[in-house]
Structures are given as C-alpha cells and as structure tokens.
Amino acid sequence: MLRIRPRSLTTLLTAMLGLALLHLGAVPASAQPDSAASPRVEGCVGTSFAGTLGSGKAICNGNYLVRMQGNGDLVLRVISTGRACWTSGTAGTWSHDASATFHKNIWGRPYVDINKTSQGRIGRVVGAHTATTFGTNASINSRGEFWIGYKNVASC
C-alpha cells in the first residue's frame with residue numbers, strides 16, 4: 001500500500017493545480033511556479049509564429065515557452081519551474097478573447113500586437129529588422145530568448 005504524508009500530498013496537489021492552470025494559460029505572471037517535469041506543454045504550436053497566437057496557445061523551445069494568457073498577458077516562462085521571466089504587462093480582466101498578432105511591417109520595425117476582441121489593441125511589443133533582412137516572425141530559442149524579428153525582446 002502506498003503511504004503519502006500530508007505535506008507530500010499538499011505539494012503534489014499544488015503542483016497538479018499549477019500544471020492544470022499552465023495548460024489552460026491561466027497562470028498569471030505573479031503566480032506561484034508549477035512543477036511541470038516535462039518540457040512537453042499543451043498548447044505549444046511550435047518555436048515561432050508569424051500570424052496570430054490565440055489565448056492559451058504558446059511557442060515552446062527546450063525548457064522555455066511564451067504563452068498568450070487569457071487575461072491578456074504575453075508571458076515568457078521556464079517550463080520546469082513555471083517561473084515567469086518576462087511579461088508584456090497587458091494583463092487585465094480574465095476572458096478567452098486575448099491574442100498576440102505578429103506584424104512584419106516592412107516600412108518600420110516588426111511588432112506583436114496584444115489584442116482583446118472586446119477592447120482592441122491593449123499593447124505592443126516592438127522588434128527589429130537587420131539592414132538587409134526583414135524579420136518574419138516572433139520566436140523563442142532554446143536559451144530562453146524571445147525574439148521579434150531580429151531583436152531579443154526578453155530572456156530568462
């Protein structure tokens with residue numbers, strides 16, 4: 001028979017709740033870290049996006065992810081600990097209509113707009129091109145760096 005101590009059970013339940021919230025994209029940046037043991041996280045659509053990243057969706061690479069949370073915050077996290085390294089600062093009331101949309105913008109710098117259907121644009125994160133090449137997406141690398149075009153906008 002398996003015996004679980006009360007303190008171990010509390011830790012286990014807290015970790016399970018954190019994983020469930022991370023899966024739903026509901027964990028605010030200031031929340032306690034979850035204890036996801038695997039870098040395989042629900043909602044990952046790849047390592048980059050060039051269109052729209054919907055609520056609860058994420059780009060993931062190695063032990064890092066950038067998730068569009070339903071509260072309107074775009075958050076860079078360490079998957080194994082749940083620690084938030086950076087947020088877009090656009091968190092508001094909870095809803096499921098938040099999204100992040102990449103814009104190539106050949107006349108200026110590339111950017112990601114943070115939007116809510118009910119409110120329109122609530123924030124913008126600006127990237128960069130190089131002198132000869134346009135940035136074509138927002139991405140995360142295996143070192144925990146979030147890039148928009150050719151500019152590192154955040155890192156863990």
Could you tell me if the side chain of I148 sits less than 4.5 Å from the side chain of V126, heavy atoms only?
no

Determine whether a donor-acceptor pair (N or O, by modelled atom type, separation under 3.5 Å) exists between the side chain of R77 and the backbone of Y64.
no

Please tabulate, for the side chains in residues 102-112, all donor-acceptor contacts under 3.5 angstrom to protein atoms that are two or more places apart in sequence or on a different chain.
from, atom 1, to, atom 2, distance (Å)
N105, ND2, R109, O, 2.9

S80 and N63 side chains, donor-acceptor separation under 3.5 Å:
yes

R124/D113 salt bridge by N-O under 4.0 Å criterion:
yes

So NZ of K57 and CG of L65: to nearest 0.5 Å the spacing works out to 13.0 Å

Minimal non-hydrogen separation, S88 against G72, with atom names
OG-O, 4.1 Å

When you group the ILVMFWY residues by side-chain heavy-atom contacts below 4.5 Å and let the links chain together, are V45 and V125 in the same group?
yes

Going by the disulfide bond (SG atoms under 2.5 Å apart) test, which pairs reach into residues 102-156, not counting sequence neighbours?
C85-C156

With sequence neighbours excluded, what pairs up with R143 under the side-chain hydrogen bond (donor to acceptor under 3.5 Å, both in side chains) test?
E145

Which residue pairs pass the side-chain hydrogen bond (donor to acceptor under 3.5 Å, both in side chains) test when at least one of the two sits in residues 131-140, sequence neighbours left out?
none

Tell me if a side-chain donor or acceptor on T52 pairs with a main-chain N or O of G54 at a distance below 3.5 Å.
no

Minimum heavy-atom separation for A84 and V75, please, with both atom names.
CB-CG1, 3.9 Å

Pairwise side-chain contact, K116 with T90, heavy-atom cut-off 4.5 Å (strictly under)
no

Tested for side-chain contact (heavy atoms from CB on, under 4.5 Å) against T47, the lone hit among V66, N61, I59 is N61

Over all heavy atoms of both residues, which pair between I114 and M68 is shortest? Give the atoms and the distance, please.
CG2-CE, 3.9 Å

Grab the two heavy atoms, one from G144 and one from L76, that are nearest each other, plus how far apart they are.
O-CD2, 3.6 Å

Just verifying a value: how many Å separate S55 OG and N115 CG, rounded to the nearest 0.5 Å?
12.0 Å

With heavy-atom distances below 4.5 Å as the criterion, would you say the side chains of S99 and T101 are in contact?
yes

Could you name each residue pair satisfying ring pair (Phe, Tyr, Trp, His ring centres under 6.0 Å) that touches residues 137-156, not counting sequence neighbours?
W86-F146

Which pairs with one or both residues in residues 115-153 pass disulfide bond (SG atoms under 2.5 Å apart), sequence neighbours excluded?
none

